[in-house]
Amino acid sequence: MQYTAIFGGRNVGHVNVDIDGRKAKVDYDVKNNGRGPTMVETITFDADGLPVDWKISGTTTFGSKVDERFAQSGSRASWTDSTGPGKATPQQPAVYVAQSGSPWSSQIYARALLKRPGLSMPALPGGVLRLEKGATLTVQGEGGPREVTRYELSGIDTTPDTMLLDADGTLFATVSPNAIVVRKGYEGEEVRLRKLAADWVTERYVGIQREVAHQYGGPVRIRNVRVFDPATSALTGPVAVLVNGREIAAIEPADSPATPGETSIDGGGGTLVAGMYEMHAHVGQEGALLNLLAGVTTMRDMGNDNAVLDALVRRIDAGEIAGPHVVRSGFIEGRSPFSANNGFVVDSEEKAVDAVRWYAARGFWQVKVYNSMNPAWVPAVVAEAHRLGLRVAGHVPAFATADQMIEAGYDELTHINQFVLGWVIKPEEDTRTLFRLTALKRLPALDLNSAKVQHTIDLMAKGGKAIDPTLGIHEALTHNRDGQIPPGAVDYIDHLPVGTRRDAMKAWVDTSGKGDDQAYRAAFDKLIGVVRMLHERGVFIVFGTDTGGSFTYHRELELYQKAGMTAPEILKRATLDSARYLGEDQRLGSIAKGKLASFFLVPGDPTQDLKALKRIAMVVKDGVFYYPSEVYPKFGITPFVDPPKVTEAVKPAATAEAAPAAHTH
């Protein structure tokens, strides 16, 4: 059985499966954007189709080595994955969930579940797998028309996986809005299946929105709170904040009397903070909701499938699904064997400039230049973007330097590794591959006071440029190790589903070489040092993750304390400063009368300890109220804090003239 992996309309790899009786061998290799997993699996099944021996070896997306093993004899099961060894003696049949399995793993789980009552069974190392049957559809391809049925597999990670199965339970495809793995010969169904996947995902999130979005239909008084004021970088005294419709109606003294028809929310002495800005996102529907629950009410999308993003933004703006405001960056990549397949992939300067015009005509805030762009085309891209009122951000294209991109007119540099690489690599070395990450091992030998380093920082400071360092992704790259809780995840990992916890405890890069472990750790210290220098020179730093945001966004903020920023400075940058940078500060960025009601409530004081941001009790976006404790269980996430007490106004009957009573909601 052969499958083709397709991302952004391009063939990016394969999953080939050879089956011989009760044995299967899987060859899995995908490469997109110069990176991707390469795995070989050998699996032996028992008479019921459950794996009793499963070996997986190869490398992950960023190059760390995989040597995963599972074996079962009778009722005894044992395994070794990146988290270490484990064993169990399940009292009833259970299916092992591979940590590094290929997409074909979905068939193994589905076939096991299809034989079970209720399409459910225990999983190893933990949790319960569930399968939910959907509609049947007809697909066309070289093998002729074929009927396949949609199934949703849940219980592994925060959201279900969608697959299509033949009538006999054989995997036909795994599908998502951005990518599919489909049986060879049926690649022509790619566009249709991705659209269907988007529709199916939307159904889930529309349903969640109906359940968890609270609109109270009258004024809402949030009592017993203090407000973070970016103008003073401090908290106010106790106040009451009133919301009416989409806007903040008033900020009143704490003892101000309520008016008839108000809903009352007891803030419990906590802190209200304006909605934060995640400035390096690649937005999908799951990320939109989880970021909102994390206090992020605006996300800057830095590269996406343009049609998928457009549909997502329309649904959020219409209130069909939950999500932050989205500020769009137009992705422009050069065509090469290493291209990232988002936005426009161009093969000439003329087409690159045309892409700028396309984005400008559709209201994008900026364009983003990527790795495979011919550096010689960048000045024309910048000139056209600036002529049309767009800013320009980006990676440093291969075989160019940060200095050249600054001089070409970039307004913002993306990723701190892109910024520093020119100091430690040779002009002919190719950064379109994982080398743009592994070359960081050279940083420890770099003198940050050297002329070449100071020259680039001078260019940034004197040119009024900004930088989007994405420190958290670099911490994960340099510090995550197999079997260890990542330093950035210690505060939330125990709240996550078992599959997500396992994946977090996996190294990103191969550190098996002599001295590599220490070199990567020291490289991150150097990156922090560079960011500190940039901050001290007045270079504007924006806070983005490139790792999905939500919990990793909170960690992103914490890391800037290592670069010399204080907690109040960081909160101001994440709110009002970012709103000003994007030209939105008249309506967003602070909690003030007449601004959009977009803010969140935490029990503690984040100006003293940013970890308070991890315990968000309530989020308001444009006057719609969300309580994370209601939503997290839908993702298999254990809530962090209880919601505030809400006393909702009772609407008077049509004939009643008296002021309404109230009841507790």
Side-chain angles (χ1 to χ4, degrees), residues 1-43 45 49 51 54-61 66 98 100-112 114 131 134-153 161-198 200 305 308 335 337-342 345:
M1 195 72 68
Q2 295 181 311
Y3 299 87
T4 302
I6 304 174
F7 186 97
R10 291 188 63 190
N11 181 336
V12 295
H14 63 261
V15 181
N16 295 335
V17 187
D18 291 323
I19 301 175
D20 183 9
R22 294 184 184 175
K23 294 182 180 293
K25 184 173 182 178
V26 183
D27 168 22
Y28 172 41
D29 189 18
V30 168
K31 294 292 176 287
N32 180 42
N33 190 12
R35 61 196 184 209
T38 300
M39 304 285 178
V40 173
E41 301 174 83
T42 57
I43 313 162
F45 302 93
W54 197 339
K55 297 181 176 67
I56 308 173
S57 60
T59 55
T60 64
T61 295
V66 172
S100 298
S102 71
W104 193 73
S105 303
S106 294
Q107 172 165 324
I108 297 172
Y109 312 140
R111 282 199 160 171
L114 287 168
L131 201 62
T136 296
L137 60 147
T138 302
V139 293
Q140 304 285 344
E142 293 176 4
R146 183 179 297 273
E147 285 197 345
V148 296
T149 301
R150 166 196 169 198
Y151 287 90
E152 299 285 338
L153 176 70
D161 294 324
T162 303
M163 69 184 87
L164 300 174
L165 302 180
D166 288 341
D168 65 354
T170 301
L171 182 71
F172 174 77
T174 62
V175 298
S176 75
N178 294 309
I180 71 168
V181 174
V182 64
R183 190 169 302 163
K184 189 173 178 60
Y186 289 83
E187 293 88 349
E189 290 279 10
E190 180 251 347
V191 173
R192 176 192 174 209
L193 293 181
R194 285 200 299 112
K195 183 181 184 306
L196 284 172
W200 295 332
D305 179 294
V308 171
R335 189 169 299 283
F338 307 102
S339 299
N341 296 295
N342 274 325
V345 181

dist L193:CG -> W200:CH2 (nearest 0.5 Å) comes out at 7.0 Å
Sequence neighbours excluded, the answer for side chain to side chain contact (heavy atoms under 4.5 Å, CB included) partners of L114 is L119, L131, Y151, L165
Between L153 and M163 the two heavy atoms that sit nearest each other are CB-CE, 3.7 Å
Taken in chain and number order and not counting sequence neighbours, the residues that satisfy side-chain hydrogen bond (donor to acceptor under 3.5 Å, both in side chains) with N341 are R10, N32
Begin from the C-alpha positions of W104 and I43 and carry the test side chain to side chain contact (heavy atoms under 4.5 Å, CB included) through to its verdict. CA-CA 11 Å; W104 193 73; I43 313 162; 3.9 Å; yes
Query raised in the report: Do W54 and S105 have side-chain heavy atoms sitting under 4.5 Å apart?
Result: yes
side-chain hydrogen bond (donor to acceptor under 3.5 Å, both in side chains) filter on T4, not counting sequence neighbours, yields E187
Residue set satisfying side chain to side chain contact (heavy atoms under 4.5 Å, CB included) with K25, at least two apart, ordered chain then number -> V40, T42
Output for pair (S102 OG, I108 CD1), nearest 0.5 Å, gives 7.0 Å
Residues passing the side-chain hydrogen bond (donor to acceptor under 3.5 Å, both in side chains) test with Q2, sequence neighbours excluded, are none
*With no hydrogens and no angle check, is any side-chain donor or acceptor of D20 less than 3.5 Å from a backbone partner on R22?*
no
Across all chains, not counting sequence neighbours, the salt bridge (charged side-chain N to carboxylate O under 4.0 Å, His left out) partners of E41 are none
Quick check: do V26 and M39 have side-chain heavy atoms less than 4.5 Å from each other? no
**Asked** Is the closest side-chain heavy-atom distance between S57 and V66 below 4.5 Å?
**Response** no
**Prompt:** Any side-chain heavy-atom pair from D305 and R194 closer than 4.5 angstrom?
**Reply:** yes
Sorted by chain and number, sequence neighbours left out, salt bridge (charged side-chain N to carboxylate O under 4.0 Å, His left out) with R192 holds for E189
With sequence neighbours left out, the residues meeting salt bridge (charged side-chain N to carboxylate O under 4.0 Å, His left out) with D29 are K31
The side-chain hydrogen bond (donor to acceptor under 3.5 Å, both in side chains) partners of E152 (sequence neighbours excluded) come to R150, T162
Nearest heavy-atom contact between F45 and P51 is CD2-N, 3.9 Å
Only pairs under 3.5 Å count here: list side-chain donor-acceptor contacts from residues 167-185, not counting sequence neighbours, and write none if there are none.
{"unit_1": "D168", "atom_1": "OD1", "unit_2": "T170", "atom_2": "N", "d": "3.0"}
{"unit_1": "D168", "atom_1": "OD1", "unit_2": "T170", "atom_2": "OG1", "d": "2.8"}
{"unit_1": "D168", "atom_1": "OD2", "unit_2": "T170", "atom_2": "OG1", "d": "3.2"}
{"unit_1": "T170", "atom_1": "OG1", "unit_2": "R111", "atom_2": "NH2", "d": "2.9"}
{"unit_1": "S176", "atom_1": "OG", "unit_2": "N178", "atom_2": "N", "d": "3.4"}
{"unit_1": "S176", "atom_1": "OG", "unit_2": "A179", "atom_2": "N", "d": "3.1"}
{"unit_1": "S176", "atom_1": "OG", "unit_2": "A179", "atom_2": "O", "d": "2.9"}
{"unit_1": "R183", "atom_1": "NH1", "unit_2": "D166", "atom_2": "OD2", "d": "2.8"}
{"unit_1": "R183", "atom_1": "NH2", "unit_2": "D166", "atom_2": "OD2", "d": "2.9"}
{"unit_1": "R183", "atom_1": "NH2", "unit_2": "L171", "atom_2": "O", "d": "2.6"}

Going by atom type alone, with no hydrogens or angles, which donor-acceptor pairs under 3.5 Å involve a side-chain atom of residues 136-145 and a protein atom two or more places apart or on another chain?
{"unit_1": "T136", "atom_1": "OG1", "unit_2": "T149", "atom_2": "OG1", "d": "2.8"}

